[in-house]
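What follows is a single structure, written as structure tokens, with notes after it.
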2 protein chains.
Amino acid sequence: MTNTHDTPHPCGKCAFYAGSIWQPISSGSISVLTQGFSRKELDAGQALYEQGTENRGVFCVSKGLIALRALHPDGKSTLLKLAYPGDVVGYRSFLENDCHKTEARALQPSKVCTVAQRDANRVMQGNPLVLTKLAGRCVSEINNSRERIISAATLPNKKRLSALLHRLMESHGVRTGNTLRMQLPLSRSDLADLIGVQPETMSRLFKRLRDDGELVISGRDIQMPVPLPTRQVVSQ
Amino acid sequence: MTNTHDTPHPCGKCAFYAGSIWQPISSGSISVLTQGFSRKELDAGQALYEQGTENRGVFCVSKGLIALRALHPDGKSTLLKLAYPGDVVGYRSFLENDCHKTEARALQPSKVCTVAQRDANRVMQGNPLVLTKLAGRCVSEINNSRERIISAATLPNKKRLSALLHRLMESHGVRTGNTLRMQLPLSRSDLADLIGVQPETMSRLFKRLRDDGELVISGRDIQMPVPLPTRQVVSQ
DNA sequence: CGCTCAATTGAGACCTCTCAAGACACGTGG
DNA sequence: CCACGTGTCTTGAGAGGTCTCAATTGAGCG
């Protein structure tokens, strides 16, 4: 019934196949993976999963941008992570076999591939490398969190915002001559979350950066000069 | 040469055996584990490993208290985590097969069990459950980091300090009648790191908590009333 | 046009940071 | 035992930053 031979890998045509957590796996597992595999399109603002709901599998962003937010009892929320194409989301609750402690919501029109929980577990059991790769994603996430904690303790807010904008520019910016330009994918509130201040303060930080001549802002349109190549200090 | 039969599990007598990442493993792996196993005592202030050094294995705290700190180029440092008995440290660099990005230093006289890298890898390869458990530790660490980020964005410093002291009291406090009392295992600087303020601000926060009557402080000796049983709101 | 939501601006209270100086505990050596 | 360091902790003062509450502006949309 199952042809273990010529079933193509469901992620085979994905641009992020090389780094996929579902690769390599035994040819026998490919049919299991395919069985649990589905692709979904999300409009901007649409939720991939809601906080508090049961985990239904492991999700991989293939296009667009997903925001992971923790919703608080008082109605506010905190933006915890931006998931770009190639990123895996939902693995925290998958590994814990627990409900989602954050919501995942598309910031831009996005495409997400899902491997259903049951099949994901079966593939994982037959292919230890899958768990190895997932653990690698966990470690990356730990690294990211630590960087965020360290920069919060180390840098003043203005510098943190500047660094954040430069990072966003790397992903979303288009270079024209000597300037970079992007449409911010985030609201001011979300930006404020990412550096840990109130939205009003965010506005004022923007103004200060503008006054410093670091960038030109108009709504979500941002321009800045191409940064000089920063010379990394090589630690022996 | 190896007796696969009656070699005892090296963690068998440990109080944290039940939650150990090295359990259960195949009886054949026990001798490998034993081979890579060593126990080390650390004085207060002594380093388990230094930042920037190569990973030499996976460490498990069996007694005392270990501080994980990130050291910055400017000479300052940030306290990232307190590792209590039962906690595993060094697994981040172990999984990445990379050098340590933090230092681990004993805050109190401590005992740490080490499984050397080479043998840890061999045991892990033969026992997928080990990686499963390690992934679980990663997920816990992610949860901790997220809580820290959320509370930094949500609560004012005074409340964060209060929450931190209550948490420390749970681990280090002794109840006498209606009061809890502990010797702080941390310097003011380390406490300041944990909530993300300067040491001077830490002092002033302490003073405000004292003025509020929340606690009695004398150096590192802290007393507070036993908190009322907080009634958890059950979210349906 | 009028609604709504996002973003900005204003004002004042409050807090935190920095730099500096003092208080305190602890250990060492005279 | 005392003097003297040393490191930790506290306190002070002023500048600067952030927060909150409130009002205003701006942009998108029926």
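The structure presented is a predicted model; accordingly, all values stated were derived computationally and were not measured.
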request  = Would you check if the side chain of Thr154(A) reaches a backbone N or O of Ile150(A) as a donor-acceptor pair within less than 3.5 Å?
outcome  = yes
Euclidean distance, atom CZ of residue Arg188(B) to atom P of dT16(C) [Å, nearest integer] = 16 Å
ask   = Roughly, in whole Å, what's the span from CD in Gln183(B) to P in dA25(C)?
value = 14 Å
request  = Please confirm whether the backbone N or O of Leu168(A) pairs with a side-chain atom of His172(A), one donor and one acceptor, at under 3.5 Å?
outcome  = no
ask   = In whole Å, what is the span from the CG atom of Leu161(B) to the P atom of dC9(D)?
value = 14 Å
inquiry  = Can you measure Asp221(A) atom CG to dA27(D) atom P for me and round it to whole angstrom units?
reply    = 13 Å
message = Test your reading of the model: is there a side-chain donor-acceptor pair from Thr201(B) to the backbone of Pro199(B), 3.5 Å cut-off?
response = no
task = Quickly work out the Arg220(A) CZ to dC5(C) P distance and round it to whole Å.
result = 15 Å
query = Below 4.0 angstrom, N of the basic side chain to O of the carboxylate: do Asp212(A) and Lys158(A) qualify?
reply = yes
Atom-to-atom span, CZ of Arg210(A) to P of dT9(C) - whole angstrom = 6 Å
NZ or CZ of Arg137(B) within 45° of Tyr91(B) ring axis and under 6.0 Å = no
Polar atom pairs (N or O), protein with nucleotides 18-21 of chain D, under 3.5 Å:
unit_1: dT18(D); atom_1: OP1; unit_2: Asn157(A); atom_2: ND2; d: 2.4
unit_1: dT18(D); atom_1: OP2; unit_2: Arg208(A); atom_2: NH2; d: 2.8
unit_1: dC19(D); atom_1: OP2; unit_2: Gln198(A); atom_2: N; d: 3.3
unit_1: dC19(D); atom_1: OP2; unit_2: Thr201(A); atom_2: OG1; d: 2.5
unit_1: dT20(D); atom_1: OP2; unit_2: Gln198(A); atom_2: NE2; d: 3.2
unit_1: dT20(D); atom_1: O4; unit_2: Arg204(A); atom_2: NH2; d: 3.1
unit_1: dC21(D); atom_1: N4; unit_2: Glu200(A); atom_2: OE2; d: 3.3

task = Give the rounded distance in Å between these two atoms: CG of Leu209(B) and P of dT10(D).
result = 12 Å
ask   = Rounded to the Å, how far apart are Lys207(A) NZ and dT9(C) P?
value = 5 Å
message = Strictly below 4.0 Å, N to O, side chains only: are Arg92(B) and Glu141(B) in salt-bridge contact?
response = no
